[in-house]
Amino acid sequence: MTDAANPMPEGPADLIETEYEIGQDNIQTRIGPFGVDIHNPVFMVSGLTIIAFVVFTLALQSEAEAIFGWLRPAITSTFDWFFLGAANLFVLLCLVLIVTPLGSVRLGGRDATPDYSYSGWFAMLFAAGMGIGLMFFGVSEPISHYSSSVAEGAGSPDSWAPLAGAPGDPAEARRLGMAATIFHWGLHPWAIYAVVALALALFSYNKGLPLSFRSIFYPVFGERVWGWTGHVIDVLAVFATLFGLATSLGFGAEQANAGLNHLFGLPVTDASKVLLITGITAIALISVVAGLDAGVKRLSEINMILAALLLLFIVAVGPTVAILTGFVNNLIAYAEYLPALSNPFGRDDANFSQGWTSFYWAWWISWSPFVGMFIARVSRGRTVREFMICVLLIPSIVSVFWMTAFGGTAISQIVNDGYQAVVDASLELKLFVMLEALPLAAITSFIGITLVIVFFVTSSDSGSLVIDTITAGGKVDAPVPQRVFWAVFEGLVAIALLLGGGLGALQAAAVSTGLPFTIVLLLGCYALIKGLRAEPR
Amino acid sequence: MYKSILVPVDLEHADRLEKALATAADLSKHYRIPVCYVGVTASTPGRVAHTPQEYAGKLEAFGQAQADKHGIAATTKTCVSHDPAVDLDTTLMQAIEDVGADLVVMASHVPGLPEHIFATNAGYLANHASVSVFVIR
């Protein structure tokens, strides 16, 4: 379809000549009263599998629980080296792109201008990238690593401590605990997102291919990406997105439920979690119908302000000096422990490297199609270097600061005040127990719950936008009822997983879709470099 | 009575627009006023074009073909939207203002159940635009 007479994107770019017409495999029809425009094999295979999955998990809850309980440790213990090694590669690739001439390629052609301001862009990529996770793990992860490191048995095979731990040494345990947390929330996750997002943006804006996963693999498979090879890649991307998203939604529901119980005495039961997911999904539907600019963007900006206020509050009323000096110290500790923590082979801390790190890497990877596609969609007009700095370095630094403020405050509460409650509380409750020891706890806890809920809404909304685009063959203007379908099913998958095995099931789902997608991504790195080298600079 | 006509076109489904295009051309000749064809595209590649620039080129060609076929004065305007599935209505409202048109001629389909939840684009414009809207079914 591309011919010489076609104008380039804004400025010179390396458009790919292909016979494929976007939407050529789509069926445009009516299902009941609603018009749909869907990519036939991709939508059918992924839609039917998801429906079957929800029905199976809900009908056979105890069997499902047994399967999920076995699946997660089986995958993370067998493939831990693979996840760790792949994530290291992604970080290296990103750093190389920042410093080499490839960094000057501009997404959308040499003269393209950005569609979004820095603040709007940044708010969206942060809300999409971590959101709920930062709320859930901000206090609970540093505390977990700290207490397992300082404990007597740290370093033994039964211990959950990172590396050899620091038994009986609270100061070193604090450094190690923060370094391990930052390791999981710093460069590695953002590098995974950045690679996926950059590849999608490049092949769509500069090469003129549809905004879908298969397009990344054009340099590898050629015209075959429009056939079943591409269908498989896109279906895998849909599964990874849906299950990665459901994991976060499940975490969000657990935490919102725990918080509401803490504040208002709402009972912690399956019924209340189901009600919460249903209620929040209903709010998400309003945002879905409002679209990208009026829905996700506006909510993300509101959430950025709320999150910044909460962060400033913690810094102001918490141990201010300890947080500010801790920020630098934690960065140093992170740099110091990074080589040992990211080493994929010969680890003696199996519980930590498999139970925490492998799980995180699989989770980030299963999230990457979603976050990557979303970042790609709002990143036109940025250069590769600018993109990498904004998607890799700045979010990593914000994550470090967030973890330092929330986790550091909680560790100080234990070390300085002997505040044991925050250690004893369950994972989803730790944030609220930490806030309780600070002034205005009722208000800050309420803001905390609100943040979890709004992050839930933006994730669900942007997630349905992304899945809809993939299942519509890369079209971004497919009818809105399709997005509604996916938003509803994201909620249903989260409910099914929570009922069929709780958090363990959520993690198993994220891990098992993350594994095949890691292979896909490694191949994608090669295609990305090939694509970037072909761009005029 | 009117100064200029705005016709929203969907280049992907141009075949379904025949009646609206003919009506617009007739009105244009009757009142001796120009027609502006407005298309909305996303910045991502779509079925019609790989880039907004290519889309603008195709829309210009479409406008020229209409002008030649009906013997009318025609211009075109390409609007780029972040989320055309949702923002089409507001984008078209803005286009009416930018173009300064005082009559909109646009195709719509027969209303059914979904229109109680999601308004049709033509229905939205008829409700909200301050200019006259001629909805062709």
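Order of the sequence lines fixes the chain letters, A, B, ..., with proteins taken first and strands second; residue numbering starts at 1 for each chain.
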Completion exercise
In A/K207, A/R106, A/R110, the residue satisfying side-chain hydrogen bond (donor to acceptor under 3.5 Å, both in side chains) with A/E535 is A/K207
Completion exercise
Of all heavy-atom pairs linking B/I72 and B/A25, the shortest is CG2-O, 4.0 Å
Handout entry: Inter-chain contacts: residues 7-16 of chain B against chain A, heavy atoms under 4.5 Å
Key = B/E12, B/H13, B/R16
Fill in the blank from the handout: So salt bridge (charged side-chain N to carboxylate O under 4.0 Å, His left out) across residues 60-70 of chain B, not counting sequence neighbours, yields B/E18-B/K69
Exercise for the section: May I ask you to decide if the ring planes of A/F43 and A/F485 are parallel, tilted or perpendicular, using 30° and 60° as cut-offs? Expected result: tilted
Practice task
Give, as side chain, backbone, both or neither, the part of A/A290 having an atom under 4.5 angstrom from any heavy atom of chain B.
Solution key: backbone
Problem - Aromatic plane relationship, B/Y37 with B/F62 - under 30° parallel, 30 to 60° tilted, over 60° perpendicular - result: perpendicular
Exercise for the section: Determine the option with the most heavy-atom pairs under 4.5 angstrom with chain B, choosing from A/G291, A/S215, A/A478. Expected result: A/G291
Exercise for the section: Examine whether an atom of A/L209 lies under 4.5 Å from a heavy atom of chain B, and if so say whether it belongs to the side chain, the backbone or both; otherwise answer neither. Expected result: backbone
Completion exercise
Note: vs chain B, highest number of non-hydrogen pairs under 4.5 angstrom among A/V288, A/L211, A/D293 is A/D293
Practice task
Return the orientation label for the A/F217 and A/F221 ring planes: parallel under 30°, perpendicular over 60°, tilted otherwise.
Solution key: tilted
Practice task
Report yes or no: is the cationic atom of A/R382 (NZ for Lys, CZ for Arg) closer than 6.0 Å to the six-membered ring centre of A/Y118, at no more than 45° off its axis?
Solution key: yes
Fill in the blank from the handout: Heavy-atom nearest pair, B/P52 first then B/T78, reads O-CG2, 4.4 Å
